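Just below is one structure, and these are the notes that go with it.
Start at 1 and go down the list; that is how both ligands and their atoms are numbered. This one's a predicted model, so the numbers in the text were calculated from it and none came from an experiment.
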Amino acid sequence: MSADPMLAWLGQPVGASAHAAEIDRIMALVHWLMLIMFVGWGVFFVYVLVRFRSGRNPRAAYHGVRGRWSTWIEGGVLAAEIALLGFFSIPFWSTNVDALPVGRQSTVVRVIAEQFAWNVHYPGPDGSFGRTVPTLVNADNPIGLDRDDPAGKDDLTTINRLNVPIGKPVVVFLSSKDVVHSFGLPQMRVKQDAVPGIVQPVWFTPMMTGEWNIACSQLCGLAHFRMKGVYAVQSQEDYDAWLEEEASFLEP
Ligand code: CUA
């Protein structure tokens, strides 16, 4: 449940990542500003309808607004928006989006979107991804992983299943095989377009165990509605056990 009554009313899902509270604060501020402006505009509109009705104003006045208060209100809205950008959005972006924590302590996976599934590629115990080749793509190997590549022998791939351990950064290198999709993890406050021809990193630090849906958040075709996967945040032990189980399915 979100602390802000606005987000609670909007039905915001649980915030389960390290940056969720900060992003919620920004979203709440934006929504409050929009609510104030919406009510303000609505009241002003009704006032104008009554004040400038034809019965009271048989002849049009051409001089327009004389007072300065509208300028002050516009200035106030502008200042609020600049404050949102300068004090909240831009600092958040530099620490939580740009500063990619690629290193030993991070879980690094590739997610390859396609119509209409999420392919997940784990590098395996050696920590490096095997190469992928378009000509190897088929129904059993949707990402075209080359098992003859030494780095690819221990790699794991799943479809519509992303498991990650709790408490350390997860870096997802996101791409698409066909059209633009959008990788949405609502509880992690993560949403990133998957664009063909681009490998786009996105990262988050899960702080709560649980299992939720990966939601495609971009209209990508007729079956967009059923393009959902499952992602699970697990304890390190459960995650290691899961990796081991998945590895046991690999051909020797
Ligand atoms: Cu993929 Cu919508």
- Note on the structure: Only residue of T158, D155, T132 satisfying side-chain hydrogen bond (donor to acceptor under 3.5 Å, both in side chains) with H121 is D155
- Is there an N/O/S atom in Q218 that lies less than 2.8 Å from atom 1 (Cu) of ligand 1? no
- Message: Tell me whether R25 forms a cation-pi arrangement with F88, defined as NZ or CZ under 6.0 Å from the six-membered ring centre and within 45 degrees of its axis.
- Response: no
- Does a side-chain N-to-carboxylate-O contact under 4.0 Å join D146 and R131? yes
- Note on the structure: min-distance N/O/S atom, H181 vs atom 1 (Cu) of ligand 1, resolves to ND1
- When you measure from atom 2 (Cu) of ligand 1 to each N, O or S atom of H224, which atom gives the shortest distance? ND1
- Distance-only donor-acceptor check, side chains R161 and N163, under 3.5 Å: yes
